[in-house]
**Q** 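A single structure is presented below for examination.
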2 protein chains.
Amino acid sequence: MTSTRAVTTVLANERRRLARLGTADRVSEILREQIAAGLFPPGTRLSEESIGEALGVSRNTLRESFRLLGHEKLVVHELNRGVFVRVLTAEDVADLFLLRQIIESSALEIAGRAGPLELGPVFAAVEQAEAAAGEGRWDEVATLDLQFHQEIVALAHSPRLDELMHRLLAELRLAFHVMHGSQQFHEPYLMRNRKIVTLLKRKKLDQAARELHAYLDDAQRELLSAFRAEQDQPSKGHVVSDR
Amino acid sequence: MTSTRAVTTVLANERRRLARLGTADRVSEILREQIAAGLFPPGTRLSEESIGEALGVSRNTLRESFRLLGHEKLVVHELNRGVFVRVLTAEDVADLFLLRQIIESSALEIAGRAGPLELGPVFAAVEQAEAAAGEGRWDEVATLDLQFHQEIVALAHSPRLDELMHRLLAELRLAFHVMHGSQQFHEPYLMRNRKIVTLLKRKKLDQAARELHAYLDDAQRELLSAFRAEQDQPSKGHVVSDR
DNA sequence: CTGTATCGTTTTGTTGAACAATTCTCCAAG
DNA sequence: CTTGGAGAATTGTTCAACAAAACGATACAG
């Protein structure tokens, strides 16, 4: 019953694991992580010389990494001036949430049409987030809140939708970093995640979708107001020279 | 009436025109065009040496270009083997159409909620396409058909949605190239574009959305069957060594 | 005090060469 | 027809060099 095509497909998927990553890819992974972690706050200039020396890679290789990050919109490349960690505008945040509304609601709809939901990973994200919140590990709470939504999208089984969501969330992380004390921003939303997954379990798709929509609306509103406040009146020395 | 914010926004948009492009960006533009035009059919290996020499750029610069194209999924980078023009699978095509359904229908809905539609560019795309079809310029017909859908998405005024659509269509072009005689594939759909824009003009948003949905369904079906046929039985010597 | 012209410094943009590592090609042996 | 292997070709990565642009500070003119 194992068709030739099935074998080919499976092996083709395994292939990418076999193919090791080049230096440029690994460097961009590191930088991606460190940008997300806040080591390089938005506005920071990423010097080719200093970072290249720190990581022990040549400027040419580092430049390839920068191209990748630039295409992901995590950094902005300005000719003859260098690459800077992206500084999101309020318009960016609004646009990101617009896309999230589209993607997450569409994913739910598609998943519902397709068949029974595989809610394991969704549940796992909620429960790990609740556990982390109980112990005050707020940065993990933030990560797991985002992962919950990533898993929602994963229900649709679309590779491109998954990747798109992943990039949107990476970009959105930049917004959290410009706000101080953003870690606990996510905590109140855990209850709502729990509610959504419960509704999904009971196959109340429409209700879950409405709940999700309201979640995103509220989160956007709250984030945007905090975001604008922080922008008008930068609180601390967090802001690095962007000129 | 000209708010400070409006001025800032306009200037920010102009800024990118002021910032000239680097060599790597210009090279990737050229390669993008030539891939879309069919000079490099899917499966073709893009040799660093030959292309670098032909364009008069160094290997290092060319590599930066390849990274950009790879991130756009127009080429696939395999370690120690080089970059190849992407060969889409049937699953890829299906996934691309899934995304198109989501994006185009969402765009229509958002545009309808937002306010009066600016249908100028949409009309223009339809009319230019009809003119091109009348004179048998089929490659232009194909381009303008895709542009019509791009303009539909533009009605939503979302930068990220625009860019996403643009990349999806660039990727989808790869599918047309593996089918021979794909130029006239688009011609029957011009009537449907005309119908959609007419419905939009009359503010029959729901009806237009249904029409658009049916368009995409039919196009996907037709493309996929032609696509699978061509894959199973490659017609000519078009297929270049992909090993 | 404000603006601007200028010059030296720093950083990026791009190239060319070099070498290691991997893959490809082709041919011979089993 | 498959397996092995030697040599050729290509990619991966670094390094050094130089042109070009941006930055910074200082001096000068109004």
Side-chain angles (χ1 to χ4, degrees), chain A residues 11-12 14-31 35 40 43-71 74-87 239-243, chain B residues 11-12 14-31 35 40 43-71 74-87 239-243:
Chain A
L11 260 46
E14 290 301 315
R15 185 170 182 163
R16 69 172 48 180
R17 194 174 313 175
L18 188 59
R20 309 175 305 286
L21 298 167
T23 308
D25 294 286
R26 245 172 298 141
V27 168
S28 69
E29 266 183 22
I30 292 174
L31 294 178
I35 289 173
F40 303 115
T44 311
R45 175 166 140 260
L46 300 181
S47 154
E48 292 184 358
E49 185 177 345
S50 65
I51 291 185
E53 188 177 7
L55 291 177
V57 299
S58 77
R59 269 197 330 128
N60 286 322
T61 300
L62 190 57
R63 273 175 143 268
E64 290 185 25
S65 305
F66 283 165
R67 292 287 181 183
L68 293 174
L69 296 177
H71 210 270
L74 294 184
V75 303
V76 175
H77 194 142
E78 296 185 30
L79 192 66
N80 285 319
R81 299 201 346 111
V83 305
F84 301 81
V85 178
R86 186 113 184 273
V87 178
V239 178
V240 182
S241 154
D242 60 335
R243 323 215 280 139
Chain B
L11 258 47
E14 289 302 314
R15 184 170 181 164
R16 68 174 48 181
R17 192 175 313 173
L18 188 58
R20 308 170 306 283
L21 297 168
T23 308
D25 294 286
R26 246 172 297 142
V27 168
S28 69
E29 263 183 23
I30 292 174
L31 294 178
I35 289 173
F40 303 115
T44 310
R45 175 166 141 264
L46 301 181
S47 153
E48 293 184 358
E49 184 177 345
S50 66
I51 291 185
E53 188 177 8
L55 292 177
V57 300
S58 76
R59 274 181 62 217
N60 285 318
T61 300
L62 189 58
R63 274 176 143 265
E64 290 185 27
S65 304
F66 284 165
R67 290 289 180 180
L68 293 175
L69 296 176
H71 210 268
L74 293 184
V75 303
V76 175
H77 195 142
E78 296 185 31
L79 193 65
N80 285 318
R81 297 197 350 108
V83 304
F84 301 81
V85 178
R86 186 114 184 272
V87 179
V239 178
V240 183
S241 155
D242 60 336
R243 326 210 278 140

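Values reported hereafter were calculated over all heavy atoms of this structure, with side chains retained and with hydrogens, waters and symmetry mates removed. Here is how names work: the chains are called A, B, and so on, in the same order as the sequence lines, proteins then strands, and each is numbered from 1.
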**Q** Could you report the tightest heavy-atom contact between L68(B) and S28(B), atom names first, then the distance?
**A** CD1-OG, 3.8 Å
**Q** Given atom CZ of R67(B) and atom P of dT11(D), what is their separation to the nearest angstrom?
**A** 13 Å
**Q** Mind checking salt bridge (charged side-chain N to carboxylate O under 4.0 Å, His left out) for R26(A) and listing every partner two or more places apart, or none if nothing turns up?
**A** none
**Q** State, with a plain yes or no, whether a side-chain heavy atom of E53(B) is found less than 4.5 Å away from one of L62(B).
**A** no
**Q** I need the residues from residues 46-55 of chain B with at least one non-hydrogen atom less than 4.0 Å from DNA chain C; give them sorted by number, or say none.
**A** none
**Q** Closest approach of S65(B) and A24(B), non-hydrogen atoms and distance?
**A** OG-O, 2.9 Å
**Q** Counting heavy atoms from C-beta on, name the nucleotide in dT13(D), dT14(C), dT22(C) closest to the side chain of N80(B).
**A** dT22(C)
**Q** T23(B) side chain N/O closer than 4.0 Å to the phosphate oxygens (OP1, OP2) of dT14(C)?
**A** yes
**Q** Starting at CD of E64(B) and ending at P of dT14(D), how long is that distance when rounded to a whole Å?
**A** 14 Å
**Q** Check this one for me: any side-chain N or O of R45(B) less than 4.0 Å away from OP1 or OP2 of dT11(D)?
**A** yes
**Q** I need the CG-P distance between L79(A) and dA20(D), as an integer number of Å.
**A** 14 Å
**Q** Determine the minimum heavy-atom distance between F40(A) and I51(A), stating which atoms define it.
**A** CZ-CD1, 4.3 Å
**Q** From CG of N60(B) over to C1' of dA18(C), roughly how many Å is that when rounded to an integer?
**A** 12 Å
**Q** Within the modelled atom types, does a donor on one side and an acceptor on the other bring the side chain of R59(A) and the base of dT14(C) under 3.5 Å apart?
**A** yes
**Q** Using whole Å, report how far CG of L21(B) lies from C1' of dT14(C).
**A** 16 Å
**Q** Whole Å only: how far is the CD atom of E78(A) from the C1' atom of dA22(D)?
**A** 11 Å
**Q** Please identify each residue that fulfils side-chain hydrogen bond (donor to acceptor under 3.5 Å, both in side chains) with N60(A), with sequence neighbours left out.
**A** none
